[in-house]
Asks: 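Pasting a structure here, questions to come.
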Amino acid sequence: MPDLLANLNDRQLAAVTLPPQHALILAGAGSGKTRVLTTRIAWLIQTGQLSPAGVLAVTFTNKAAREMTARLSAMLPINPRGMWIGTFHGLCNRLLRAHHRDAALPQSFQILDSADQLAAIKRLLKASNVDDEKYPPRNLQHFINGSKEAGLRAKDVDVTDDYSRRFAELYAAYDVQCQREGVVDFAELLLRSYELLERHTLLRDHYRARFAHILIDEFQDTNVLQYKWIKQLAGPASSVLAVGDDDQSIYAFRGANVGNMAAFEREFRVSNLIKLEQNYRSHAHILECANQLIRRNGSRLGKELWTDAGAGEPVRVFEAVSDGQEAQWLIEEARSLIAEGWMRNDMAILYRSNAQSRVLEHALFSAGIPYRVYGGLRFFERAEVKHALAYLRLMENPADDTAFLRVVNFPARGIGARSVEQLQDAARAADSSLYAATAVLKTGAASGKMLGFVGLIERLRTETRSMTLPEAVEHVVERSGLIMHYQTDKEGQDRIENLRELVNAAAGFLSEQGVGQDVPANLGVASNAVPEAPATTETPSARPPMVAAPESLFDLSSANAGSQTASVGDGVDDGVVDGNAFIQTTPLASFLAHASLESGDNQAGEGTDAMQLMTVHAAKGLEFDAVFITGLEEGLFPHENSAQEVAGLEEERRLMYVAITRARKRLYLSFSQTRMLHGQTRYNVRSRFLEELPEDNLKWLTPKAGALRPSWGGHGGQGGYGAYGERASGSAGQGGSRHALEAPPPPPWAANDARVAARFDRGLAWRIGQTVAHAKFGEGVILGIEGSGSDARVQVNFGRQGVKWLALSVARLEAVN
DNA sequence: TCGGTTCAGAGTATT
DNA sequence: TCTGAACCGA
């Protein structure tokens, strides 16, 4: 047996071999966090202190869960499937499937992703005749999710005025609608299983006794509800190990509550706080920058990274004239790295916002450098894939109105908005699903077409009955008419490819689950083990409502005392319920859940050696030999929407900290004096974060201009803007860049720069782009000029002081340079 | 039901 | 500048 503890440093060793008590591990970037987490589990099992079934390990992303599982199987000679390792949502799904009756859900409840949820909300607003101008669907969605993530049902929400009262009412109506349709949104997965555990004490006690060790990754990213969920599952005999890094908390905007770390320390009386501060990733110059920067944040738990890997190279800083020039410089730099043998895969370009990628992509494309952009549409989010899934969902759960509406007329079968509205009215009157309401519709051509659609779904269900999951998916993709529809579409080839890929995904899913490929998609694998078989009613009219009436919606408690005992006894201990959630339901249902919970990779081409482009957020958790952090400008990074408040600014600073700590060997920071944003050229001041880095660890590739002042000052003519060659040779002269650029041909951005330059000279005393000084606000750059004479006003970007309009007759401005 | 036009808005994002 | 959504006419 391999020695698990070999090569751990003292702190890591201490964390891995902690006694069974609650503990908080403050794990700095690159400090071997995942290794500690997995080795801890392996060590506990290997030393006989813990059985695999006693493990609950929670992550945020499927990727992290997969990595943990993979590392564990490499360390231990056991099948990690017996452990509960997964995302919060994945584990909640598992819990709810296993105890669906106690949770008042149909066994094959469907999961709404954010887009589905928004569609459901829009439908609700329309049905309730709500003015969606006054109550925008997106706001309501935000409100609902925010409330749920705080652990609040509609009745618990603080109502302060008519407006919020209406929101709360709509929240309640939305929950009723979801319940009627047998669907749950992401937040509901969490909240529902939280309530399940809260109300069913037997169930809760069972799991509390079972999970001897609970481990949570990225604890700084947990929201209030997730923390409550953990508290629900942690019993008197459980040990909770929370691993996180408050300095890498960058998701407050989506509900993460760093305060959970301090709360955990207090509420669990944590006596074991271990800091992992030795960094195995970056050279010292890079770490020094990270440390110095993050020290400016208040209210940290406190941590300083160190390395014994040596100083390495200083961090290079480049000032560009335009975003185009920034991109061009970056390409030259990347090219020389590639020439030196660096892998493109090991080089990343980071930016604060997605909009910045365009210029970079354009330049990379023109230069013929392969690149890969992270983000964007994921596989299961593609329209054609969602269409196919909607057919499958409808087969599984006819009450799913969201799925119904998505495909009732796709491919087009002559069912227009009018017919759908009629159907919706009928459904509302009968308090039934749209699917069931088709039987109620008596008259009109609409009725016939609707019945035809329902007939199609019924047929698909019957025809696929004895097929395996991939066969069934293929059958549906074909017979729904989707393939044929896309064949006539001239851009449909890719979509057809994706539909074929969906069939592969289904096959891959089966083998991942370790289930034979010959199991019928529609049949419960172990349906005998489940008290009630899935509903198999044939006709829509005869199909009973999927779930209990809305009145009983949140009555998860007393009435079920009997079944509570039963479900614990039923399955938990003989492994049925605690096994893979797949076992309790049909392959199709679990595949659909899988599709919702794991949106899939966003792009192919992972194998190719390409430069990696992504936002700083997306880079969290990754590392690269060389990293370019671009667009380090006030207003962009830190972003103008965040820089006004201390909390916002500190999160931006943590974001910068995350960005810096991605780099192993070489780090480049760049900013540009001008940047195209929203179709307009913006004049920017360099980011304050650059001032916050220790000068000793930096190497300026361009001369460092005075504080926060662009260096092009008052030169208005075009000459100043062909300055790239000038500038670059200057930096080479300073011994800066290794590959001096010698008077290149007019670069592609020159034209734009010339336009920019032309705008400077308006014959006024002040020019756009000019640097000025103000007694109170300091130095800034003129962004715009309005009016004339005594009415003349100028708009000035004072960097951290913000953008101000100043009347020239009042404000005393001085030209700088 | 479709295709075109018009308009507003534009940050980061996992499940 | 670019995108997505809403709207209108055929």
Side-chain angles (χ1 to χ4, degrees), chain A residues 58-65 86-94 111-119 122 132-133 136-138 142 145 148-149 184-191 193 217-218 221-223 225-226 229 248-256 323 350-359 362 374-378 380-381 383 409-420 489 593-600 602 614-621 631 635-644 648 651-652 654-656 658-659 675-682 752:
Chain A
V58 201
T59 64
F60 276 86
T61 64
N62 292 297
K63 196 179 161 197
T87 62
F88 278 101
H89 295 86
L91 295 171
C92 286
N93 176 49
R94 192 164 170 173
I111 301 166
L112 300 183
D113 67 18
S114 312
D116 295 334
Q117 184 190 32
L118 188 61
K122 284 180 179 168
D132 60 3
E133 298 248 311
R138 283 193 178 281
H142 188 77
N145 291 339
K148 287 188 179 182
E149 281 162 14
V184 299
D185 58 52
F186 286 132
E188 183 72 23
L189 283 170
L190 260 301
L191 184 51
S193 53
D217 193 18
E218 305 277 18
D221 289 340
T222 49
N223 62 35
L225 179 55
Q226 286 159 340
W229 187 85
Q248 292 190 71
S249 161
I250 56 173
Y251 285 113
F253 71 91
R254 68 170 197 211
D323 45 0
L350 309 185
Y351 35 82
R352 174 67 240 268
S353 74
N354 286 303
Q356 289 166 253
S357 76
R358 264 194 45 241
V359 181
H362 179 75
Y374 281 65
L377 262 199
R378 319 269 213 71
F380 288 113
E381 290 167 358
N409 194 38
F410 194 95
R413 43 178 75 88
I415 300 178
R418 196 58 169 283
S419 322
V420 171
D489 191 315
H594 166 82
S596 304
L597 290 174
E598 175 148 17
S599 25
N602 35 28
M614 66 193 84
T615 63
V616 180
H617 281 92
K620 183 166 166 234
L636 197 60
F637 198 179
H639 197 276
E640 54 199 349
N641 297 356
S642 302
Q644 313 310 321
E651 179 144 322
E652 294 285 313
R654 290 192 291 271
L655 197 51
M656 180 67 183
V658 167
R675 184 174 297 276
M676 274 294 235
L677 201 64
H678 307 332
Q680 282 187 320
T681 304
R682 289 242 312 219
N752 182 50

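Bear in mind that the values here come from a model prediction, so they are computed numbers and not experimental data. Heavy atoms only: backbone and side chains are in, while hydrogens, waters and symmetry mates are out.
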Asks: Mind checking whether Arg138(A) and Leu118(A) have side chains closer than 4.5 Å, heavy atoms only?
Replies: yes

Asks: Starting the side chain at C-beta, find the nucleotide from dA13(B), dG11(B), dT1(C) nearest to Ser353(A).
Replies: dG11(B)

Asks: To the nearest Å, give me how far apart CD (Glu598(A)) and C1' (dT14(B)) are.
Replies: 11 Å

Asks: Regarding Asn409(A), tell me which of base, sugar-phosphate or nothing describes its non-hydrogen contacts under 4.0 Å with the strands shown.
Replies: sugar-phosphate

Asks: Side chain of Lys122(A): nearest nucleotide among dA6(C), dT1(C), dT14(B)?
Replies: dA6(C)

Asks: What's Glu652(A) touching, base or sugar-phosphate or nothing? Going by heavy atoms closer than 4.0 Å.
Replies: base

Asks: Please state whether the phosphate of dC2(C), meaning OP1 or OP2, lies under 4.0 angstrom from any side-chain nitrogen or oxygen of Arg358(A).
Replies: yes

Asks: Just do the side chain to side chain donor-acceptor pair (under 3.5 Å) check on Gln117(A) and Asn145(A) with the steps written out, would you?
Replies: CA-CA 10 Å; Gln117(A) 184 190 32; Asn145(A) 291 339; 2.8 Å; yes

Asks: Please check the phosphate of dT15(B) (OP1 and OP2 only) for any side-chain N or O of Asn62(A) closer than 4.0 Å.
Replies: yes

Asks: Assign Tyr251(A) to base, sugar-phosphate, or nothing according to its heavy-atom contacts below 4.0 angstrom with the strands shown.
Replies: sugar-phosphate

Asks: Quick test of the criterion, 5.5 Å between centres and less than 30° between planes. Is His639(A) stacked on dG11(B) or not?
Replies: yes

Asks: Which is more 5' along DNA chain B, the nucleotide nearest Ala412(A) or the one nearest Asn641(A)? Just name the residue.
Replies: Ala412(A)

Asks: Would you say the side chain of Thr615(A) lies within less than 4.5 Å of the side chain of Tyr351(A), judging by non-hydrogen atoms?
Replies: yes

Asks: For dG9(B), is there a stacking contact with His678(A), counting only centres under 5.5 Å and planes under 30°?
Replies: no

Asks: Verify the ring-centre separation between His617(A) and Phe253(A): is it less than 6.0 angstrom?
Replies: yes

Asks: Measure from OH on Tyr374(A) to P on dT14(B) and round the result to the nearest Å.
Replies: 13 Å

Asks: Between dA10(B) atom P and Glu640(A) atom CD, what is the distance in whole Å?
Replies: 11 Å

Asks: Roughly how many Å is it from CG in Leu636(A) to P in dT12(B), rounded to a whole number?
Replies: 10 Å

Asks: Using the P atom as the reference point in each nucleotide, state the distance between dA13(B) and dG4(C) in Å, no decimals.
Replies: 15 Å

Asks: Can you tell me which nucleotide in dG11(B), dT15(B), dA13(B) comes closest to the side chain of Leu597(A)?
Replies: dT15(B)

Asks: Over how many whole Å does the gap from Leu225(A) atom CG to dT15(B) atom C1' extend?
Replies: 13 Å

Asks: Indicate, yes or no, whether a donor-acceptor pair under 3.5 Å links the base of dT15(B) to the side chain of Ser596(A).
Replies: no

Asks: Write down the distance between CD (Gln117(A)) and P (dA13(B)), rounded to a whole number of angstrom.
Replies: 19 Å

Asks: Rounded to whole Å, please give me the gap between NE2 in His89(A) and P in dA13(B).
Replies: 17 Å

Asks: Could you tell me the separation between the CG atom of Leu377(A) and the P atom of dT3(C), rounded to a whole number of Å?
Replies: 13 Å

Asks: Check the phosphate of dA10(B) against Asn354(A), side-chain N and O only, distance under 4.0 Å to OP1 or OP2. Yes or no?
Replies: no

Asks: Do the side-chain N or O atoms of Thr615(A) get closer than 4.0 angstrom to the phosphate oxygens (OP1, OP2) of dA13(B)?
Replies: yes

Asks: Going by 5.5 Å between centroids and 30° between planes, is there a stack of Phe253(A) over dT12(B)?
Replies: yes

Asks: Indicate whether OP1 or OP2 belonging to dT15(B) is found under 4.0 Å from a side-chain N or O atom of Arg254(A).
Replies: no

Asks: Can a side-chain donor-acceptor contact be found between Asp323(A) and Gln356(A) if the only test is distance below 3.5 angstrom?
Replies: no

Asks: Please confirm whether Arg378(A) makes a cation-pi placement over Phe380(A), using NZ or CZ under 6.0 Å from the six-membered ring centre and within 45° of the ring normal.
Replies: no

Asks: Tell me whether the OP1 or OP2 atom of dA13(B) has a side-chain N or O from Arg378(A) closer than 4.0 Å.
Replies: no

